[in-house]
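Each remark here refers to the structure printed beneath this line.
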Amino acid sequence: GAGVSQSPSNKVTEKGKDVELRCDPISGHTALYWYRQSLGQGLEFLIYFQGNSAPDKSGLPSDRFSAERTGGSVSTLTIQRTQQEDSAVYLCASSFTGHQPQHFGDGTRLSIL
Amino acid sequence: AQTVTQSQPEMSVQEAETVTLSCTYDTSESDYYLFWYKQPPSRQMILVIRQEAYKQQNATENRFSVNFQKAAKSFSLKISDSQLGDAAMYFCAYRANFGNEKLTFGTGTRLTIIP
């Protein structure tokens, strides 16, 4: 597609459930980033992929968070046993290489009841 | 660690006037990029302008320009001839020019355009 695509756009789930958030980057972009935007913490880096490898996972807040990228394209961010503090907008960005500007998707708004 | 500070949570400007949004940052690196991103209610972060630290000339994109003061670690955004469509959250961001190049964001400034 023309831009970074994220799905779902909105997700409401009960505390304790697992959720999967999807990011489809711009075709040909090798670098992919996940960020979280919440009221209390602002915009935080979560994880970075170069191809299918994740050389920097330092922003993942706990072991309930994991992410993978397959075929150097689509990435999935998984949150297990969701907690209310996980409520946020999860933004995905991609760039042609790590040195190029990042292009963002519209994000997934996650609400934990 | 790098930090980015935006000291103006909210700003407003009359349509067609000029407004300046402030940003300061802290880093020990000499090679880096600075960005201004705009986030309208649609949530998508839109790149407005970027500045390479090694370039002395201030970046300009149509009505948007920056005042980059490297020694002072200051990076302000000037919006000229403000338009209703400029209303949004504006985020200043830093990125080192090595490693994984993740973005470090400021807390944002909400800009309101008064018709």
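The model shown is predicted, which means the values in this text are computed figures rather than measured ones. Below, read A as the first sequence line, B as the second, and so on, with proteins coming before strands; counting in each chain starts at 1.
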Before you tell me yes or no, could you show the steps for B:Met45 and A:Asp106 under side-chain contact (heavy atoms from CB on, under 4.5 Å), namely the whole-Å CA-CA distance, both residues' side-chain angles and the distance that decides it to 0.1 Å? CA-CA 7 Å; B:Met45 299 286 281; A:Asp106 289 344; over 6 Å; no

Are [X] and [Y] linked, directly or through other ILVMFWY residues, by side chains that come within less than 4.5 angstrom of each other?
{"X": "B:Val4", "Y": "B:Val48", "value": "yes"}
{"X": "B:Ile113", "Y": "B:Met11", "value": "yes"}
{"X": "A:Leu91", "Y": "A:Leu60", "value": "no"}
{"X": "A:Ile47", "Y": "B:Phe105", "value": "no"}

For chain A, which of B:Tyr37, B:Tyr33, B:Phe35 has the most heavy-atom pairs under 4.5 Å? B:Tyr37

Count the heavy-atom pairs under 4.5 Å between each of A:Val4, A:Leu43, A:Val89 and chain B, then report the option with the highest count. A:Leu43

Looking at A:Gly59, A:Gly107, A:Ala93, which one has more heavy-atom pairs under 4.5 Å with chain B than the rest? A:Gly107

[X] atom [atom1]: more than 12 heavy-atom contacts under 6.0 Å:
{"X": "A:Leu39", "atom1": "CG", "result": "no"}
{"X": "B:Lys70", "atom1": "NZ", "result": "yes"}
{"X": "A:Arg64", "atom1": "CZ", "result": "yes"}

Correct closest heavy-atom pair for B:Lys102 and A:Ser58 would be NZ-OG, 4.0 Å

What part of A:Gln37 is in contact with chain B, defined as an atom under 4.5 angstrom from a non-hydrogen atom: side chain, backbone, both or neither? side chain

Distance-only, no hydrogens or angles: does the B:Arg43 side chain make a donor-acceptor pair with backbone N or O of A:Ser9 under 3.5 Å? yes

Are A:Phe45 and B:Leu103 side-chain neighbours, meaning at least one heavy-atom pair lies under 4.5 Å? no

Measuring from B:Leu47:CG to A:Phe104:CZ, what's the distance to the nearest 0.5 Å? 9.5 Å

